[in-house]
Amino acid sequence: MAASGNKPVITRFAPSPTGYLHIGGGRTALFSYLYAKHHGGQFRLRIEDTDADRHDEEAAKAIINGMEWLGCKHDGEIVRQSQQKARHQEVANKLVAENKAYKCYCSKEELEAMRAEADKNKVPFRYPGKCRDVAADFTPPAGVEPVVRIKTEVEGSTKWTDKVQGTIEFPNKDIDDFIILRSDGSPTYLLAVVVDDHDMEITDVIRGSDHISNTPRQLQIYKQCGWEPPFFGHIPLIHGMDGQKLSKRHGATGVEQYEALGYLPEAMRNYLARLSWSHGNDEIFTTQQAIEWFDLKDCSKSASCFDFDKLKDLNAHYIKECDNDRLFNLAKKFYPELAPFEAQLKQAVDMLKPRAKTIVEYREAAEWIVAQRPLTLEAAAAKNTINDKAKPVLADVKEALTGYTGAWDAASLEPVINQFAEAKGLKLGQVAQPLRGALTGTTASPGIYEVMWVLGKEGVLGRIEDVINGLNKVKDPPAKAEAPPKEEKKDKKDKGGKAAPAAADQPEFTKLDIRVGVLTKTWHHPESDKLWCEEIDIGEAEPRQVASGLRAHYEADKFCAGRKVVVVVNLKPAKMAGFESAGMVLCAATEDHSKVELLEVPDDAKVGERVFIEGLSGEPLQPNQVAKKSVLKYVLPDLKTDGGCVACWQGKQILTSAGPVKAPTMASPLSDRLQDRSPARGDGVRTPQCVALEPIWSSVAVAAAVRGHLLQVQGVVERMKFMLCKKK
């Protein structure tokens, strides 16, 4: 395809080597690359190194390396602008010869006086053209090297149709006769860019909107040279989440920094492509798909926000999709100490991927594999492992495993440990907890049988032996934050940890603090085959730890870090199979729980934001105050989905700032027929019957994974049947 006429599309990326390849530059390069490849054209790279004072060759290398890492492969040789100086001078001198530019001899003092006069009159300084039309007998002042200024049009305006911003127009009176060649013979940026773009046959210039003000001046040069200008597309700038232009204070801004932080280039390409460009609702796509879809007409005019959390979530997806050999090599590049553990890391890769959003986190998740003996135990793990009850158990486990000659894999080891616990009259947790501490040094790891399989028999026996012999050290616990000042004593009637009284007319739903969260880590509960344990980021300083009874419904690849969930966060914490859980993940479920779906939020919903219902207001009860019996029983019966799978309470949609909360597939086609399905009593009041409740509840009931166990919606239904249905 062509940009105009029969010309093949040629785009370019033209950075100045004065620093790293920043995020904005990386996106410009990516857009230029995608646009060229979409049209079957070329993408060129030019280093604009004419500013000798600011030029940094190491920065030039960093930019080239950053482009290579990002995957924006340029076509042809790299053009160095500094090597085109003679060509730039040739064009400037030709313009002077054609009376389209002129030599200016105004001294520094004269120019400063002109600026002072403009300041005095409170008008922008524009060079008044003193040397523009000098007399034929003008004698240049001795010893003064002139600059060359282009003759710009005085009347009318300079206008172009921008492929992103639309029609843009500048009055020519605001464009003075600007310098194109300095007194030392070096070209200015404006001249060099135009000449190079022309000579490289660039058809489309894609760059940041901060270059819009340069465009009318460059178009004046094109016109005076008699050249056809390229098309322009000025993409909006990238801001931080605070709405300010992205800078170092927002975090890493250099593309190469993200490689060191453990991001994959395909994740960065995917994320940058979505900054001010979109293809419908597609969030995750390959580079080939981006090439097929990309067009400047789909770019927005407004600035985009760089969300580091969203990039991290996207990176988690690509880590899960990453080839295992490649993932190991990427990790080894920054962590060479992993090399001797290649076989074990590849064994464990499917356990490590769900726990890592970056290569850095992958390395952290692999610590239990590469840690040197004897392990240094976390304080919580040491509490379960180094005590008089645990050591005899571990000694017996060691003896049982020493004599075990069967297959050493997770499936074979599970019955061995279960039978051992049963034979000793122990609960599984009494064996699994000290064993986990001995083998990993932590309280959170992949399943204990998988850990044993990866470490191998020799490794398992050796680490248990270290604990028995008292060789392990214990990490110092993290310093506790300074306790906040004590609140004044409450009224006696408010004692007992009860919530502050809500307003009498406050809807029950608003008493719950329900927020958008994102899973940051998930693992199987060590003592229950029904529970997932998870850390959930809800916008607080530290993630919440929650146990959810979803293990029968979600495999690890679906219930993993990076997935957004809806969480009730002001519940009273409770222990579930020994795990303290502080939250409730909301789900949609059938009456018999044969099908359970996590509620979903729009991709743009912000982590930590509170969900709401339009028209309902009220502050939630205080943290750790809501009990299942006190509030939830009034809320759950009215939770259902509508015909569009949107979660509702009393028929009103539950919303986030980005749109409604939904169940993926559970709609309620019967909800609008409730009244019709309820036959009237003798007094005219309709009484719901079981036949109506069954299909409605089975299709719309919203259940919740409350601290480890699904709320028994089935039980609610049965009680409602008991109260509402007459015996036949």
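FYI, side chains are in, hydrogens and waters are out, and symmetry mates aren't considered; it's all heavy atoms of this structure. Sequential numbering from 1 along the given sequence is applied to the chain's residues.
- Of the N and O atoms on the side chains of H317 and N270, not one donor lies less than 3.5 Å from an acceptor on the other residue.
- Sorted by first and then second residue, the side chain to side chain donor-acceptor pair (under 3.5 Å) pairs involving residues 58-76 (not counting sequence neighbours) are K37-D75.
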Show which side-chain atoms of residues 130-138 pair as donor or acceptor with protein atoms under 3.5 Å away, not counting sequence neighbours.
from: K130; atom 1: NZ; to: E110; atom 2: OE2; distance (Å): 2.3
from: R132; atom 1: NH1; to: T152; atom 2: O; distance (Å): 3.3
from: R132; atom 1: NH1; to: D177; atom 2: OD1; distance (Å): 3.0
from: R132; atom 1: NH1; to: D177; atom 2: OD2; distance (Å): 3.0
from: R132; atom 1: NH2; to: T152; atom 2: O; distance (Å): 3.3
from: D133; atom 1: OD1; to: K151; atom 2: NZ; distance (Å): 3.4

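- Taking 4.5 Å as the limit, every side-chain heavy atom of V518 sits out of range of all side-chain heavy atoms of V565.
- There is no side-chain donor-acceptor pair under 3.5 Å between E155 and N172.
- Note on ring orientation: taking the six-membered ring where Trp is involved, the planes of Y35 and F294 are perpendicular (angle over 60°, cut-offs 30° and 60°).
- Listed by chain and number, the residues in a salt bridge (charged side-chain N to carboxylate O under 4.0 Å, His left out) with E292 amount to none (sequence neighbours excluded).
- Between A101 and I180, the closest heavy-atom pair is CB-CD1, 4.4 Å.
- The residues E367 and R363 are annotated as salt-bridged, a charged nitrogen and a carboxylate oxygen being separated by less than 4.0 angstrom.
- With sequence neighbours excluded, the residues forming a side chain to side chain contact (heavy atoms under 4.5 Å, CB included) with D603 are E283, listed by chain and number.
- Closest non-hydrogen pair, G26 versus L70, comes out as O-CD2, 3.6 Å.
- A salt bridge does not link R115 with E117: none of the charged nitrogens is closer than 4.0 Å to a carboxylate oxygen.
- The backbone N or O of D174 lies less than 3.5 Å from a partner atom in the side chain of R126, making a donor-acceptor pair.
- Taking each heavy atom of E153 and Q220 in turn, the nearest pair found is N-OE1, 3.3 Å.
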(request) Any chance you could lay out the side-chain hydrogen bond (donor to acceptor under 3.5 Å, both in side chains) test for N315 and T358, step after step, and finish with the verdict? (result) CA-CA 7 Å; N315 200 61; T358 65; 5.6 Å; no
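- In this structure, the separation between CZ on R326 and CG on N324 is 11.5 Å, given to the nearest 0.5 Å.
- With contacts defined as side-chain heavy-atom distances shorter than 4.5 Å, the pair P236/S276 qualifies.
- In this structure, R44 is not positioned above the aromatic face of F13 in the sense of NZ or CZ being under 6.0 Å from the six-membered ring centre and within 45° of the axis.
- Of the possible donor and acceptor atoms, one in the side chain of D176 sits under 3.5 Å from a partner among the backbone N and O of Y127.
- For R217, there are no salt bridge (charged side-chain N to carboxylate O under 4.0 Å, His left out) partners two or more places apart in sequence or in a different chain.
- At a cut-off of 3.5 Å, with distance as the only test, no side-chain donor of D295 or W293 sits close to an acceptor on the other residue.
- Annotation: cation-pi pair R27/F31 present, NZ/CZ under 6.0 Å from the ring centroid and within 45° of its normal.
- Ion pairing between K333 and E259 holds under the 4.0 Å rule for side-chain N and carboxylate O.
- Considering H211, Q165, R207, K163 in turn, R207 is the only one that fulfils the side chain to side chain donor-acceptor pair (under 3.5 Å) rule with H234.
- Paired with E361 under the rule salt bridge (Lys or Arg N to Asp or Glu O under 4.0 Å), one option of K521, K312, K353, R355 passes, and it is K312.
- Sorted by first and then second residue, the pairs that involve residues 8-23 and meet salt bridge (Lys or Arg N to Asp or Glu O under 4.0 Å), not counting sequence neighbours, are R12-D197.
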